[in-house]
Asks: 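Take this structure first; my questions come after.
Every value quoted in this text rests on a predicted model; they were computed, and no experiment measured them. Here is the naming used below: chain letters follow the sequence lines, and residue numbers restart at 1 for every chain.
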2 protein chains.
Amino acid sequence: MTTAKKSRKADPRGAATRGSSRFLELLEPMMAAPGVARDAYRISLVGNFFNGPIYLVIQKQFGLLRDEINTLFCLAHFPELSQTDICLVMGRPKNSVSRAISRLLQRGLIAVRDDPDDGRKGVLSLRPEGYRLYQDTRRLFEEREAQMLASLTKADRATLDRLLTKIMASHEDWSELF
Amino acid sequence: MTTAKKSRKADPRGAATRGSSRFLELLEPMMAAPGVARDAYRISLVGNFFNGPIYLVIQKQFGLLRDEINTLFCLAHFPELSQTDICLVMGRPKNSVSRAISRLLQRGLIAVRDDPDDGRKGVLSLRPEGYRLYQDTRRLFEEREAQMLASLTKADRATLDRLLTKIMASHEDWSELF
DNA sequence: CATTTCAAGTCCCAAATGGAACTATAATTG
DNA sequence: CAATTATAGTTCCATTTGGGACTTGAAATG
């Protein structure tokens with residue numbers, strides 16, 4: 001192993017840096033390599049380290065799966081949506097969203113009515129209990145996002161926001177349709 | 001539906017904006033709401049729209065699963081790693097990594113030898129065929145990342161890089177240990 | 001207005017995923 | 001240096017996931 005020499009008293013530098021910053025020790029050379037999709041990789045890491053664990057907590061604590069909580073999120077900010085809309089804005093396949101919807105309906109967290117203009121569509125909306133649940137999870141996300149961005153200055157954060165807005169605005173040029 | 005009025009000749013503004021920018025129409029109000037983890041949400045969207053589809057292509061084209069290709073990536077830039085190292089730097093659970101490793105070994109894409117200093121560990125490394133495969137997928141990522149970042153100026157891109165570096169450097173303060 | 005094409009949503013099933021229990025080795029401690 | 005605790009890695013199994021086929025209703029075509 002790169003780490004090990006002989007006297008495995010633990011490498012002093014690593015230990016000195018307090019805690020295992022083994023992570024950075026490993027990541028840095030990977031990010032330094034030329035021709036690497038650095039940004040894509042790190043964004044995907046955020047997914048693994050940040051989003052994944054949150055969804056896990058939400059599942060344990062509220063019994064809501066990833067697509068379920070995200071559906072509540074959508075409906076909390078856009079009061080009437082079809083299933084297709086939700087697929088579109090979340091970037092998720094329609095069978096997964098379908099499943100999420102039916103579980104949310106069963107639990108009484110959302111409501112549907114038929115779309116008077118299109119017999120195939122349903123019009124979804126949030127019910128009070130769903131809104132309450134959403135608010136609880138929202139806090140969780142907010143707090144943890146704050147931790148993640150804690151190392152950024154206020155200006156940095158504004159910049160990040162601006163860049164993500166730009167990236168999302170051009171979303172049709174790079175995103176794959178599910 | 002919000003869209004629909006009566007004459008469902010398709011809403012002219014949406015149509016005028018060319019193609020369905022329905023996505024932005026839906027996303028904007030969600031991102032404008034106060035108290036929303038905007039950055040976390042959009043980063044997770046990148047995962048859905050960008051990473052997900054790439055992994056799908058790689059799976060179809062090369063028969064490599066997500067954890068498998070990421071393992072090759074790690075080994076391509078850090079020549080000797082243990083399984084635990086890979087878990088750490090990828091933010092993935094160890095059973096998933098274990099499975100990935102055994103499939104890569106079976107296909108002859110990587111090699112293991114026993115760690116002389118620790119009987120529990122294996123020392124993993126890339127074999128030429130694995131490196132070749134990695135190079136092919138690397139190109140894919142690179143091209144698609146370029147598309148995603150196309151709307152950013154050169155300066156923007158440098159800034160994004162700087163911000164992600166900062167966020168990753170503080171990773172221990174916000175990431176959940178798997 | 002019959003026929004064909006397309007879109008919304010559901011269902012089925014094979015595959016992927018990850019928690020938890022387990023094995024084996026290493027480190028710690030009294 | 002036995003007993004205990006911790007770490008690396010594997011196996012098992014229940015759950016989640018998503019492609020694809022299918023059903024039903026809307027639009028387009030001739």
Asks: Mapping A/Lys60 and A/Arg99 onto DNA chain C by nearest heavy atom, which one lands closer to the 5' end?
Replies: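 Residue closer to the 5' terminus by nearest nucleotide: A/Arg99.
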Asks: Quick one, B/Phe50 with B/Tyr55, criterion ring-ring contact (aromatic ring centres under 6.0 Å, His included). Give me CA distance, side-chain angles, the key distance, then yes/no.
Replies: CA-CA 9 Å; B/Phe50 181 89; B/Tyr55 288 129; 9.1 Å; no
Asks: Cationic tip of A/Arg138 within the cone over A/Phe73's six-membered ring, i.e. under 6.0 Å and within 45° of the normal?
Replies: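 No, cation not above the ring by the 6.0 Å, 45° rule.
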Asks: Rounded to the Å, how far apart are A/Ile101 CD1 and C/dC11 P?
Replies: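 Whole-Å distance recorded here is 13 Å.
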Asks: So, is A/Ser96 close to the D/dT17 phosphate, meaning a side-chain N or O under 4.0 Å from OP1 or OP2?
Replies: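 Result: no.
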Asks: Starting at CG of B/Asp85 and ending at P of D/dT7, how long is that distance when rounded to a whole Å?
Replies: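 Whole-Å distance recorded here is 15 Å.
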Asks: Does A/Gln59 put a side-chain nitrogen or oxygen below 4.0 Å from OP1 or OP2 of D/dT15?
Replies: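 For D/dT15, neither OP1 nor OP2 has a side-chain N or O of A/Gln59 closer than 4.0 Å.
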Asks: Which heavy atom of B/Arg127 sits nearest to which heavy atom of B/Ile110, and what is that distance?
Replies: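 Result for this residue pair: CD-O, 3.2 Å.
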Asks: Does a side-chain N or O of A/Thr84 approach OP1 or OP2 of C/dG9 to a distance below 4.0 Å, or not?
Replies: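 A/Thr84 to C/dG9 OP1/OP2: side-chain N or O found under 4.0 Å.
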Asks: If you compare every side-chain N and O of B/Gln83 against the phosphate oxygens of D/dT7 (OP1, OP2), does one of them come in below 4.0 Å?
Replies: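 No.
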Asks: Is the base of D/dG19 touched by the side chain of A/Asn95 through a donor-acceptor pair closer than 3.5 angstrom?
Replies: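 Checked by distance alone, the answer is yes.
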Asks: Would you mind classifying the nucleic acid contact of A/Leu65 as base, sugar-phosphate or nothing, using non-hydrogen atoms under 4.0 angstrom?
Replies: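 Sugar-phosphate only.
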Asks: Output yes when at least one side-chain N/O atom of A/Ser98 is less than 4.0 Å from OP1 or OP2 of C/dT10, else no.
Replies: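 A/Ser98 to C/dT10 OP1/OP2: side-chain N or O found under 4.0 Å.
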Asks: Verify the ring-centre separation between A/Tyr134 and A/Phe141: is it less than 6.0 angstrom?
Replies: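 No, the ring of A/Phe141 stays outside the 6.0 Å limit from the ring of A/Tyr134, centre to centre.
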Asks: B/Ile86 CD1 to D/dG9 P: how many Å, rounded?
Replies: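 In whole Å, D/dG9 P and B/Ile86 CD1 are 9 Å from each other.
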Asks: Distance check needed: D/dT17 C1' versus A/Glu68 CD, whole Å only.
Replies: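 Rounded to the whole Å, the gap is 13 Å.
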Asks: Between C/dT10 atom P and A/Leu105 atom CG, what is the distance in whole Å?
Replies: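 Value for this atom pair: 9 Å.
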Asks: When you measure from the side-chain N and O atoms of A/Arg92 to the phosphate of D/dG18, is any distance below 4.0 Å, counting only OP1 and OP2?
Replies: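 A/Arg92 to D/dG18 OP1/OP2: side-chain N or O found under 4.0 Å.
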Asks: If only side-chain N and O atoms count, and only distance matters, is there a donor-acceptor pair under 3.5 Å linking A/Asn95 with A/Ser98?
Replies: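 Result is no, nothing qualifies.
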Asks: Tell me the interatomic distance from A/Lys94, atom NZ, to D/dT17, atom P, rounded to whole angstroms.
Replies: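 After rounding, the reported distance stands at 19 Å.
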Asks: In whole angstrom, give the distance that lies between atom CZ of B/Arg66 and atom C1' of D/dT17.
Replies: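 Going from B/Arg66 (CZ) to D/dT17 (C1'), I get 12 Å.
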Asks: 5'-most contact on DNA chain D: A/Asp67 or A/Arg120, nearest heavy atom basis?
Replies: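 Comparing both residues, the 5'-ward one is A/Asp67.
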Asks: Once you round it to whole Å, what is the distance between P of C/dA15 and CG of B/Leu56?
Replies: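 Result: 15 Å.
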